[in-house]
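Computed over heavy atoms, backbone and side chain alike; hydrogens, waters and symmetry mates excluded. Since this is a predicted model, take the numbers as computed values, not measurements.
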There are 2 protein chains.
Amino acid sequence: MSTQAPAPTRREQILKEAARLFAERGFHGVGVDEIGAAVGISGPGLYRHFAGKEAMLAELLVGISGRLLTGGKRRTAEATEAGDAPAALLDSLIEGHIDFALDDRPLIILHDRELDRLRDTDRKLVRSLQRQYVELWVEVVRQVYPGLTEAEARACVHAVFGLLNSTPHLGRPGALPGREATAALLHRLALGAFGAAHDADGRAHASDALDR
Amino acid sequence: MSTQAPAPTRREQILKEAARLFAERGFHGVGVDEIGAAVGISGPGLYRHFAGKEAMLAELLVGISGRLLTGGKRRTAEATEAGDAPAALLDSLIEGHIDFALDDRPLIILHDRELDRLRDTDRKLVRSLQRQYVELWVEVVRQVYPGLTEAEARACVHAVFGLLNSTPHLGRPGALPGREATAALLHRLALGAFGAAHDADGRAHASDALDR
DNA sequence: CGTCGTGGTTAGTGGTCGTTAACTCGACAC
DNA sequence: GTGTCGAGTTAACGACCACTAACCACGACG
C-alpha cells in the first residue's frame with residue numbers, strides 16, 4: 001500500500017520532464033542543463049541518475065514500447081481466457097492504444113520520432129518490441145477480417161496507429177469537448193478504417209462508399 | 001520545351017538531399033558538411049545558395065505546405081466548376097494527399113516534425129498555410145457529413161492526415177505490392193474513417209460496428 | 001586581354017554542448 | 001564522533017558545428 005501512491009522518485013521526475021522537452025524540441029534540441037533545470041537541479045547533477053543523455057531517451061523508448069506490448073499481451077490473454085470474439089479483442093486493443101495516446105502524448109511523439117538517435121543495441125530492442133506489438137495487432141485484425149492479406153493487414157495497422165497517434169496534433173487545449181468524446185471518436189474512426197479495408201478487397205474505388 | 005525536362009538546378013539538388021537527411025536524422029542531427037557532401041560540394045559552399053541551414057528547412061516547409069494548399073484549392077475550384085458533389089471533391093482531396101504522401105515521403109515527415117526549428121516569422125507562415133489546408137478539408141467534410149460538429153470534423157481531418165501520412169512507417173521496400181494498391185488501400189481506409197465518424201454520432205460505442 | 005560575377009575551396013572562429021573532475025554537504029551506521 | 005555514501009554543486013575540457021574570411025578558377029563579355 002505504500003507503492004500505490006506513486007511517490008515520484010527523482011529518476012521518474014527526470015524522465016517525465018525529459019520526455020516533455022524531447023517531444024517539444026527534439027532530442028538534439030534540448031540540452032542537459034535544461035532537463036536539469038526542469039527538475040530543480042542543474043546540469044551535470046543528472047549524471048548521478050543516468051549514464052548520459054542518450055540513456056534517458058533509451059529508457060523512455062524502451063519503456064513505452066514495452067508497456068504497449070505488455071498491455072496488448074495482457075488484453076489478448078484476457079480475451080482468450082474469457083473466450084471473447086476476435087472483434088471484442090480488437091476493440092480492447094484499440095481502447096488501450098487510445099488511452100496511451102491520450103495520456104502519454106509526449107511519449108507517443110518520441111516513440112516514432114527519435115528512435116534513430118539511439119545506439120544500435122537499444123534501437124534494436126525498441127524495434128523488436130514495436131514489431132511484436134504490430135504483429136499482435138496484425139493477427140487479431142486478420143482474424144476479424146479474414147479477407148485481408150498479411151501485407152494489407154500490416155499496412156492497415158500502421159495506418160490506424162497513425163490515426164490514433166494523431167492526437168498530439170490537435171491543439172493543446174483540445175478542440176474536442178472532453179477526453180471521453182475524443183476517445184469515442186477515435187475508436188469509431190479506427191473501426192471504420194479497418195472495416196473499409198475489409199470490404200471490397202480487390203479493386204473497388206471510392207465510388208461504392210460515396211453513395212452511402 | 002527546355003523547361004519540361006526539369007534540369008535539376010543546384011538549389012533543387014541541395015533541397016532534395018537536405019530533405020532526405022533532415023527526415024532521416026532530424027534537423028539538428030545533420031551538419032552542413034553532410035548536406036554539402038550529399039551534392040558533391042563540401043561544407044560552406046552551401047552558403048552560395050542559401051542564407052543558412054535554417055533557410056533550407058524554411059524553404060522546404062513553406063514549399064510543401066504551399067503545394068498542399070495550392071493543390072487542394074485547385075481541386076476545390078475544379079470540382080466547383082464541374083458541379084461535382086462534395087463527396088467527389090473529398091475523394092479528390094484524399095487522392096491528392098495520398099499522391100503527396102507516397103511521392104514525397106521525406107517532406108511529409110519534416111512537415112509535422114521539424115516545424116518548431118523555424119524562426120517565428122517562418123513558422124507562422126507555415127502554420128497559416130497548414131491551417132488553411134485543414135480548413136479546406138473541414139469544410140468539405142462537413143458538407144459530406146452534415147451531422148458532424150466543426151470540432152469533430154477538424155479532429156477527423158487531423159486523424160485522417162495521421163492515417164495517410166503513415167506511409168513512411170511502412171518498411172522502405174514497401175511491404176505492400178505496388179504503389180497503386182497502397183494508394184487504393186489508403187483511400188479506402190480514409191473514407192471508412194470519415195464514414196464511421198458520421199454514423200452514430202452521439203454515444204454509440206464499438207458494439208454496433210462489431211456485429212457487422 | 002582585362003575584369004567581373006559565379007560557385008567553389010580551405011582555414012579559422014566563436015559558441016554550444018555533453019561529459020568529467022574535484023569538491024561539498026547532510027543523513028545515517030557503528 | 002567518525003566514516004561512508006548519496007546527491008548536489010561549480011569549473012573546466014574537448015568535440016562539434018554553423019558560419020565567416022580570404023582566396024581561387026573560370027566562363028562571359030566588352
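Panel note: side chain Arg75(A), backbone Leu89(A); no donor-acceptor pair is recorded below 3.5 Å. In this structure, the side chain of Glu12(B) engages the main chain of Thr9(B) through a donor-acceptor pair within 3.5 Å.
In this pair, Phe194(A) and Trp137(A) present their aromatic rings tilted. The plane angle is within the 30 to 60° band.
Remark: His158(A) NE2 to Ser166(B) OG distance equals 8.5 Å, nearest 0.5 Å. Taken from CZ in Arg113(B) to CG in Leu110(B), the straight-line distance is 8.0 Å, to the nearest 0.5 Å.
When the P atom of dT19(C) is taken as reference, atom CZ of Arg48(A) falls 15 Å away, rounded to whole Å. At whole-Å resolution of the value, CD in Glu34(A) and P in dT16(C) are 12 Å apart. Remark: C1' of dT6(C) and CD1 of Ile14(B) are 13 Å apart, rounded to the nearest angstrom. Between Leu46(B) atom CG and dT6(C) atom P there is a gap of 18 Å when expressed in whole angstrom units. Between Glu12(B) atom CD and dG7(C) atom P there is a gap of 14 Å when expressed in whole angstrom units. If you measure from atom CD1 of Ile35(A) to atom P of dC17(C), you get 12 Å, rounded to the nearest angstrom. Between Lys53(A) atom NZ and dC17(C) atom P there is a gap of 9 Å when expressed in whole angstrom units.
Counting heavy atoms of neighbouring residues, nucleotides and ligands inside a 6.0 Å radius, atom CZ of Arg11(B) exceeds 12 of them. Within a 6.0 Å radius of CZ in Arg74(B), more than 12 heavy atoms belonging to other residues, nucleotides or ligands are found.
Side-chain contact check for His111(A) and Asn165(A): no donor-acceptor pair (N or O, by modelled atom type) lies under 3.5 Å.
Within residues 24-33 of chain B, the residues having any heavy atom closer than 4.0 Å to DNA chain D are, in order of number, Val30(B), Gly31(B), Val32(B).
The residue Gly43(A) sits apart from the nucleic acid: no heavy atom pair falls under 4.0 Å.
For the pair His169(B) and Phe161(A), the minimum side-chain heavy-atom distance is 4.5 Å or more.
Between Arg10(B) and Pro44(B), the residue anchored closer to the 5' end of DNA chain C is Arg10(B), taking for each the nucleotide with the nearest heavy atom.
Read 5' to 3', the first and last nucleotides of DNA chain D with an atom closer than 4.0 Å to a heavy atom of chain A are dA7(D) to dA11(D).
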